[in-house]
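Working notes for the structure below.
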Amino acid sequence: MASILVIGSGLGGLLAAVRAADAGHRVVLVTKSQLSESNTRYAQGGIAAALFLDDSVDAHVLDTLRAGAGLCDPAAVRVLCEEGPARVRDLIRFGVDFDRDESGVARGLEAAHSRSRVVHAGGDATGAAVEAALVATVRRRTAIEVREHTMLVDLLTADDGAVRGARVLGPDGVQRNLDADAVILATGGAGALYKHTTNPSVATGDGVAAAWRAGASVSDLEFYQFHPTALAVPGTPLVSEAVRGEGAVLRGSLGERFMLAEHPDAELAPRDVVARAIARQMERQNGAPVVLDATGLGHELLETRFPTITAACRTAGLDWAAEAIPVAPAAHYWMGGVETDAWARTTLPGLFAVGEVARTGAHGANRLASNSLLEAAVFADRAVRALDQPWRAGTLPHSRIEISTISIHGLPNETAIGSPSGDLATLVDRPTLQHLLWHSAGVHRSGLGLAAAAATLAEWSSPAASSTSVAALEDRNLLDLARLLVTAALAREESRGAHYRSDFTETQPELAQSSSQARSQSLELVPAKEAIAC
Ligand code: SIN
């Protein structure tokens, strides 16, 4: 029996905790907000898996590779698609009640899928249904100690570089160390880097930042996916791809279906293509959002199949059965993250990463819709199976480009990135950082814009690691991540998947490699007075 620290309570963290407890381990699960809050909870479309007779693992693999724009790790994709159906059945056993129709389990179509294979629950409330079932399962396991309102500050590393726990900030406002034999990071993505995002406010990339500071390799950080259709009202709630899968269309200010001229699959083109086309159309309209016309689907279908979106429209004073609704792209999902192998092992012994915090290689440069919950489930299960195996640090099986922060002109050097507290004048300000990233490292990028952003980011200082403010510790993470993302985006001199540069518009076949960044030396962590063994 080992002591396992799981950090994060989306699908990946909850499932890893349950699996680890069932395998006989003692588990502490910490989460920054309440147990049920996470990015998972807001997932709408569903979970893609080859569950149906007219589908196959090979077809799912092919669609995933195509969407990934040459940057997927084929071995990770195969694991995802082969083990996905079994993990969906596990979720059913844990109590997820997927929607049914006359043929059995109901399924939807989403962009860039060659067939309907996306299962969903509560219409468009799939994430909420998954989260509720797994929270209830965790609550039933006495071997899992849950600590809510507890934020990851930094990872604890031993002299040999192995991760041996984490420093956390508790609800009492005190930082303390939690020791563990292994840590499973499941902290999700970092939508808070951007001015417009579909993510909840907890998505501040804490795990990616802490892993990088501890010396883990992070990969493909330039690839941030922008969902084409967030409702263009404050809070930018998601409007699922599944709505377009059911037949809704996008229109410009003159009522024209502009996607017809953009791609043979029109509204069901890959996500990055649709997001860029909308951004261009918005430029032509002086920044006004485009509209999504779902009026042809009828009141009853919209209410029953998409109750979450119907409620969001109603809150915004919109009746989407009667009128087209304003939509615009918003930051949605980070393909990059902490580099892992096919067993969720990072490059640091004792540290695993599952879900959006990880870069498994399954998504490449552009994640296929509804593959994210699947990835979290598949690799959470694998991480726990790997706990009992002798440690082998994760390595990428294929070639990659190592980005040296220092070698890039105009960028902050390593001592500036991750500096524990700055003696520079300007403390990072979150809204200004979000505005900067949205305009310089968003849907469209350019070398000039990225270099200017890098220079601005280099001037800001980071709140101290010893802070007892959650917001300040999040800002520390966001500043580190913004610098790493901009560094990676500047280094990739091509356009590929979600990374589009107006100064390098073509995809370069020789750059079909992951990018990788690692801090050469881990931060020296000050031991806490009080260490609590998990
Ligand atoms: C959506 O419902 O459009 C989101 C699905 C996803 O991000 O995979």
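Start at 1 and go down the list; that is how both ligands and their atoms are numbered. In this text the structure is predicted, and so the values were computed from the model without any measurement. In this chain, residues are counted from 1 in sequence order.
- Residue S240 places at least one N or O, backbone or side chain, under 3.5 Å from an N or O of ligand 1.
- Salt bridge E256/R251: absent, no basic N to carboxylate O contact under 4.0 Å.
- Remark: ligand 1 atoms within the under-4.0 Å shell around heavy atoms of A369 are 8 (O).
- Taking a cut-off of under 4.0 Å to the non-hydrogen atoms of G45, the atoms of ligand 1 that pass are 1 (C), 2 (O).
- Among all heavy-atom pairs drawn from L80 and E375, the shortest one is CD1-CA, 3.3 Å.
- Between E222 and R445 no salt bridge is recorded (no basic side-chain N to carboxylate O distance below 4.0 Å).
- Residues H363 and F223 place their aromatic rings such that the two centres sit no closer than 6.0 Å.
- Taking the six-membered ring for Trp and the full ring otherwise, the centers of Y333 and Y224 sit at least 6.0 Å from each other.
- Partners of R66 under the side chain to side chain contact (heavy atoms under 4.5 Å, CB included) rule, at least two apart in sequence or in another chain, are L62, D63.
- Judged by distance alone, with hydrogens and angles left aside, the side-chain atoms of T126 form a donor-acceptor pair with the main-chain N or O of Q44 at under 3.5 Å.
- Within the listing of ligand 1, atoms 1 (C), 2 (O), 3 (O) sit less than 4.0 angstrom from a heavy atom of E241.
- Considering backbone and side-chain N/O atoms, H227 comes within less than 3.5 Å of an N/O atom of ligand 1.
- Using a 4.0 Å heavy-atom cutoff, A242 is absent from the residues neighbouring ligand 1.
- Looking at ligand 1, you'll find an N or O of S370 within less than 3.5 Å of one of its N or O atoms.
- Heavy-atom proximity to H332, at under 4.0 Å, picks out these atoms of ligand 1: 4 (C), 6 (C), 7 (O).
- Among R271, H120, Q225, R244, the residue whose heavy atom lies nearest to atom 4 (C) of ligand 1 is R271.
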